[in-house]
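First up is the structure itself, then whatever we jot down about it.
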Amino acid sequence: MTLAMDVQKLTKVFYGKSGLFSGPPPQVQAVKDVSFEVAQGETLGIVGESGCGKSTLARMLVGLLSPTEGRIAIAGRDLADNAGRDPAEFGRRIQYVFQDPISSLNPRKTIRQIIEAPLKLLHNMPKAKRDARIAEIFDAVNLRHEFLTRYPHEFSGGQAQRIGIARALAAAPAILILDEPVSALDVSVQAQVLNLLAQLKDDFNLTYLFISHDLAVVEAVSNRVAVLYFGRIVEIGQADRIFSAPKHHYTRLLADSAPVVGRALTAPEKANTELPDPFNPPPGCAFADRCPAATDICRTEVPPLRRMTAGHDAACHHPIGQ
Ligand SMILES: Nc1ncnc2c1ncn2[C@@H]1O[C@H](COP(=O)(O)OP(=O)(O)OP(=O)(O)O)[C@@H](O)[C@H]1O
């Protein structure tokens, strides 16, 4: 197995403003001690509710945010640790596809200018080569070449997302971070974009990190899935095992709310659906107050991520069926 990405102990702390006499500034640990590996050609799904740290994690993985602690290695090379990062090096290896396709494209630039930018900035490519590359990418995402002279507002959501994907591919990355790439689209268009992404993965030998709150979509596209809760990975393993035989009570809660395509990831109504206060995190497991199996240890000690079965880890003091 060749590793595309190796993430070790990634943590991001945001600091609030402190008052003059009110002690140290408040902190939010948006991502805590997150480690995972992604094999080349694999799709790793990252699933979690709003506020669990998905965007913060994604922004660190593409170099838009620097981690407070931890490291990110791509194809064996360290790209970020707390000492620093090189945005161009990130850009050549890993690209980001945003949730909201139209607002993620600069409204004052033509589509050609948008797609050309990474070719100039990251690869210093001469004009003739740029034109050939743009034509190749546009064919790959099934867009008509006459669209190149138009502006982002002239496109539907599905077309704009194809343009966003084309822009990401132009840089010839090995890895795409897909951050809720179909959540803003109609269900019929979602399927087209998901099929296109599957095709492009084969055509360009890509590795995907697919971030979503939509359990059904994540299950459909991923080889493996990581479940994020309150900034930590609470379970990670093969997609089919994660949802059919979860080990963490939070994952079971998610899986029990029977996945339907397009269904938002919400817990059943009977459960306490509040996330803990990020400014005042609980000392133990962040899920303890919602968990049917919680005991005293859960309220005092954070459970470490432990091997449950081959390739299946969960962070729980009382894992299901163990
Ligand atoms: N710049 C920031 N400053 C302070 N706190 C932040 C900042 N960005 C995120 N947070 C906090 O970090 C936590 C994780 O936020 P994040 O946006 O990464 O979650 P998310 O899972 O992507 O949510 P959503 O799906 O709603 O975007 C939240 O408690 C959020 O309030």
Side-chain angles (χ1 to χ4, degrees), residues 7 9-19 22-36 44-70 72 80 82 85 94 96-104 161 164 176-185 190 208-218 221-222 225-236 242 248 250-251 253-254 257 259 262-267 272-283 285-290 302 315:
V7 171
K9 296 188 172 297
L10 216 54
T11 294
K12 181 69 190 180
V13 183
F14 293 110
Y15 295 93
K17 287 203 179 97
S18 59
S22 58
Q27 300 185 5
V28 173
Q29 278 202 29
V31 171
K32 295 166 214 168
D33 206 16
V34 163
S35 302
F36 59 83
L44 175 70
I46 297 182
V47 69
E49 291 167 281
S50 181
C52 72
K54 300 186 297 294
S55 304
T56 305
L57 177 62
R59 291 166 67 79
M60 284 193 282
L61 297 180
V62 288
L64 290 170
L65 263 182
S66 59
T68 310
E69 278 176 56
I72 302 164
N82 29 355
R85 65 208 158 95
I94 184 161
Y96 197 81
V97 174
F98 295 84
Q99 173 175 2
D100 186 351
I102 294 177
S103 66
S104 74
Q161 194 54 299
L176 284 191
I177 308 284
L178 303 155
D179 190 0
E180 305 266 11
V182 298
S183 307
L185 306 176
Q190 286 191 1
Y208 287 165
L209 261 84
F210 193 104
I211 297 172
S212 181
H213 67 284
D214 188 329
L215 212 63
V217 169
V218 167
V221 303
S222 308
V225 172
V227 179
L228 211 56
Y229 187 77
F230 202 59
R232 293 182 193 271
I233 291 182
V234 295
E235 185 154 7
I236 183 165
I242 285 279
H248 199 286
Y250 175 60
T251 315
L253 195 72
L254 298 181
S257 39
R263 152 98 59 103
L265 197 162
T266 50
N272 168 13
T273 54
E274 288 281 303
L275 283 172
D277 175 5
F279 288 103
N280 188 18
C285 172
F287 188 62
D289 278 352
R290 296 169 72 179
V302 176

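Model, not experiment: these values are computed from the prediction. Numbers here are sequence positions counted from 1. Every number for a ligand or one of its atoms is a count from 1 in the order of the listing.
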Original post:
Partners of V302 by side chain to side chain contact (heavy atoms under 4.5 Å, CB included), sequence neighbours excluded?
Top reply: R232

**OP:** Quick one: list whatever passes side chain to side chain contact (heavy atoms under 4.5 Å, CB included) with S55, sequence neighbours left out.
**Re:** D179

Original post:
Do any N or O atoms from the side chain of K54 and from the backbone of G48 form a donor-acceptor pair under 3.5 angstrom?
Top reply: yes

Original post:
H213 and E180: side-chain donor and acceptor closer than 3.5 Å?
Top reply: yes

Subject >> Non-neighbouring partners of P282 that pass side chain to side chain contact (heavy atoms under 4.5 Å, CB included), sequence neighbours left out >> reply: F230, P276, A286

Subject >> Parallel, tilted or perpendicular: rings of Y229 and F287 (30°, 60°) >> reply: perpendicular

When you pair each N or O of ligand 1 with protein N or O atoms, which pairs come out under 3.5 Å?
unit_1   : atom_1 : unit_2 : atom_2 : d
ligand 1 : 18 (O) : T56    : N      : 2.9
ligand 1 : 18 (O) : T56    : OG1    : 2.5
ligand 1 : 19 (O) : G53    : N      : 3.2
ligand 1 : 21 (O) : G51    : N      : 3.2
ligand 1 : 21 (O) : C52    : N      : 3.1
ligand 1 : 21 (O) : G53    : N      : 3.1
ligand 1 : 21 (O) : K54    : N      : 3.0
ligand 1 : 21 (O) : K54    : NZ     : 3.2
ligand 1 : 22 (O) : S55    : N      : 2.7
ligand 1 : 22 (O) : S55    : OG     : 2.6
ligand 1 : 23 (O) : G51    : N      : 2.7
ligand 1 : 25 (O) : K54    : NZ     : 3.2
ligand 1 : 26 (O) : S50    : OG     : 2.5
ligand 1 : 27 (O) : S55    : OG     : 3.4

